[in-house]
Number of protein chains: 2
Amino acid sequence: MQRHTKQRVAIESAIGESGRPLSPAEILQAARATVPSLNLATVYRTLKRLGEAGEVTVIQIPGEAPRYNLYHEEERHHHHFRCNKCGGVFCMEGCVEGLKTLLPDGFRMTGHDILLYGLCPACSA
Amino acid sequence: MQRHTKQRVAIESAIGESGRPLSPAEILQAARATVPSLNLATVYRTLKRLGEAGEVTVIQIPGEAPRYNLYHEEERHHHHFRCNKCGGVFCMEGCVEGLKTLLPDGFRMTGHDILLYGLCPACSA
DNA sequence: CTAGTTGCAAAGCATTTGCCTGTGG
DNA sequence: CCACAGGCAAATGCTTTGCAACTAG
């Protein structure tokens with residue numbers, strides 16, 4: 001991250017203002033409201049740089065496009081929820097106990113991911 | 001699944017004999033030992049059919065190629081462990097309590113996935 | 001100025017599809 | 001027989017890269 005260009009600002013704003021993780025295509029669409037000439041290749045390059053700089057985090061739901069979020073300093077350990085109907089992804093605070101009880105003998109655990117599926121408030125209404 | 005072709009047999013054998021989930025490319029390589037003319041497109045088509053017939057299951061680790069396993073009737077609810085060193089994926093029996101405590105108000109949960117990361121016995125030695 | 005960025009187009013790579021030939025039952 | 005399968009090649013969709021033009025500092 002060296003230069004402060006309008007493209008980069010538009011991309012960061014798009015992610016930050018959405019309130020939920022966005023895919024590269026969604027970011028492109030949103031950021032074009034500010035910079036119409038914005039190119040998808042630039043979105044990918046910028047996301048890569050922002051990721052290396054630790055300014056964005058990636059959420060990978062199996063079988064789906066990666067989604068990007070701004071990194072917040074106060075960010076805690078959290079997990080994600082995916083709505084089966086609208087496909088939206090949401091963050092959930094907290095975690096569960098007892099994950100180590102799943103480990104067979106000889107395995108050492110250094111990290112984990114939990115993904116819940118179901119219906120979000122809007123879709124279950 | 002209608003016809004019983006040598007290609008399909010080779011693909012099923014390759015998956016069954018490996019003992020671990022295989023990617024399409026790995027399946028191609030293994031099955032070509034039996035049917036050298038086997039084509040990658042056939043592997044994809046066959047995996048799709050076997051999947052729809054419930055004969056194979058897919059394991060999707062975020063950011064990695066999908067891996068396929070034979071489905072066993074006695075198969076129970078389980079989760080997976082991925083070794084950070086060798087990249088191997090292993091199944092773990094059991095589950096944890098309290099996943100519902102993660103849900104924010106208004107969310108309804110219908111399913112979940114848990115993925116543990118760390119070192120397998122061979123790599124932690 | 002000038003190195004980092006961008007837009008565009010082309011290249012990559014995994015996966016899918018069209019089409020015609022081959023074959024299992 | 002003949003509808004399902006397979007081989008091959010082209011098409012697709014997402015992501016990356018080469019390169020010349022542009023611009024922030």
Side-chain angles (χ1 to χ4, degrees), chain A residues 1-15 18 21-70 82 87-89, chain B residues 1-16 18 21-70 82 87 89:
Chain A
M1 287 295 89
Q2 307 198 346
R3 289 192 191 167
H4 203 252
T5 67
K6 63 187 181 217
Q7 287 87 345
R8 186 184 133 197
V9 172
I11 289 170
E12 288 180 323
S13 305
I15 303 176
S18 81
L22 297 182
S23 69
E26 290 172 323
I27 294 168
L28 177 68
Q29 195 188 15
R32 271 189 170 162
T34 315
V35 184
S37 71
L38 184 63
N39 191 281
L40 186 54
T42 301
V43 173
Y44 278 105
R45 279 191 283 232
T46 304
L47 287 173
K48 191 175 180 187
R49 288 177 204 139
L50 287 170
E52 288 165 354
E55 313 216 9
V56 301
T57 53
V58 192
I59 297 164
Q60 300 251 65
I61 306 286
E64 296 189 17
R67 297 153 194 263
Y68 296 81
N69 245 338
L70 289 189
R82 180 180 183 282
V89 172
Chain B
M1 285 298 90
Q2 307 198 346
R3 293 194 188 164
H4 202 252
T5 67
K6 62 188 181 216
Q7 288 86 345
R8 185 185 133 197
V9 173
I11 289 171
E12 288 180 324
S13 305
I15 302 175
S18 81
L22 297 182
S23 68
E26 289 172 323
I27 293 169
L28 177 69
Q29 195 188 16
R32 272 190 169 162
T34 315
V35 184
S37 70
L38 185 62
N39 193 281
L40 186 53
T42 301
V43 174
Y44 279 105
R45 278 192 282 233
T46 304
L47 287 173
K48 191 176 180 186
R49 288 175 204 143
L50 288 170
E52 288 164 354
E55 312 216 9
V56 301
T57 53
V58 192
I59 298 166
Q60 299 252 66
I61 304 288
E64 296 188 17
R67 297 155 195 260
Y68 297 81
N69 245 338
L70 290 190
R82 180 181 183 282
V89 172

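What separates NZ of K48(A) from C1' of dG4(C) is a distance of 15 Å, to the nearest Å. When rounded to the nearest whole Å, the span between CG of L28(A) and C1' of dC14(D) equals 13 Å. Remark: C1' of dC4(D) and CZ of R8(B) are 12 Å apart, rounded to the nearest angstrom. To the nearest angstrom, P of dC14(D) lies 16 Å from CG of L22(A). In this structure, L50(A) places its CG atom 13 Å from C1' of dT5(C), rounding to the nearest Å. Between the P atom of dA5(D) and the CG atom of L47(B) lies a distance of 14 Å, rounded to the nearest Å. When the P atom of dG25(C) is taken as reference, atom NZ of K6(B) falls 12 Å away, rounded to whole Å. Remark: P of dA5(D) and CD of E52(B) are 11 Å apart, rounded to the nearest angstrom.
Taking only side-chain nitrogens and oxygens, T5(B) never comes nearer than 4.0 Å to OP1 or OP2 of dA5(D). For the OP1/OP2 pair of dT6(C) and a distance below 4.0 Å, the side-chain nitrogens and oxygens of N39(A) include no atom meeting the criterion. Here Q7(B) reaches the OP1 or OP2 of dG7(D): one of its side-chain N or O atoms lies under 4.0 Å away.
Below the 3.5 angstrom threshold, one finds no donor paired with an acceptor across the side chain of R49(B) and the base of dG6(D). Side-chain to base pairing of R45(B) with dG7(D): one donor and one acceptor N or O lie within less than 3.5 Å of each other. Side-chain atoms of R3(B) and base atoms of dT23(C) include a donor and an acceptor less than 3.5 Å apart.
Nearest heavy-atom pair, A14(A) versus A30(A), reported as atom, atom and distance to 0.1 Å: CB-CB, 3.8 Å. Here the closest heavy-atom approach between residue L47(A) and residue P24(A) is recorded as CD1-CG, 4.2 Å. Smallest separation of non-hydrogen atoms from G87(B) and R67(B): O-NH2, 3.4 Å. Nearest heavy atom pair, residue H4(B) against residue V9(B), reads CE1-CG2, 3.5 Å.
When distances are taken from the side chain of L38(B) to each of dG7(D), dA5(D), dG4(C), the shortest belongs to dG7(D).
Of the candidates N69(B), I15(B), T46(B), I27(B), V56(B) forms a side chain to side chain contact (heavy atoms under 4.5 Å, CB included) with just one, namely I15(B).
In this structure, A41(B) reaches the bases: a heavy-atom distance under 4.0 Å links it to at least one base atom across the strands shown.
Between H4(B) and R32(A), it is R32(A) whose nearest contact on DNA chain C lies nearer the 5' terminus.
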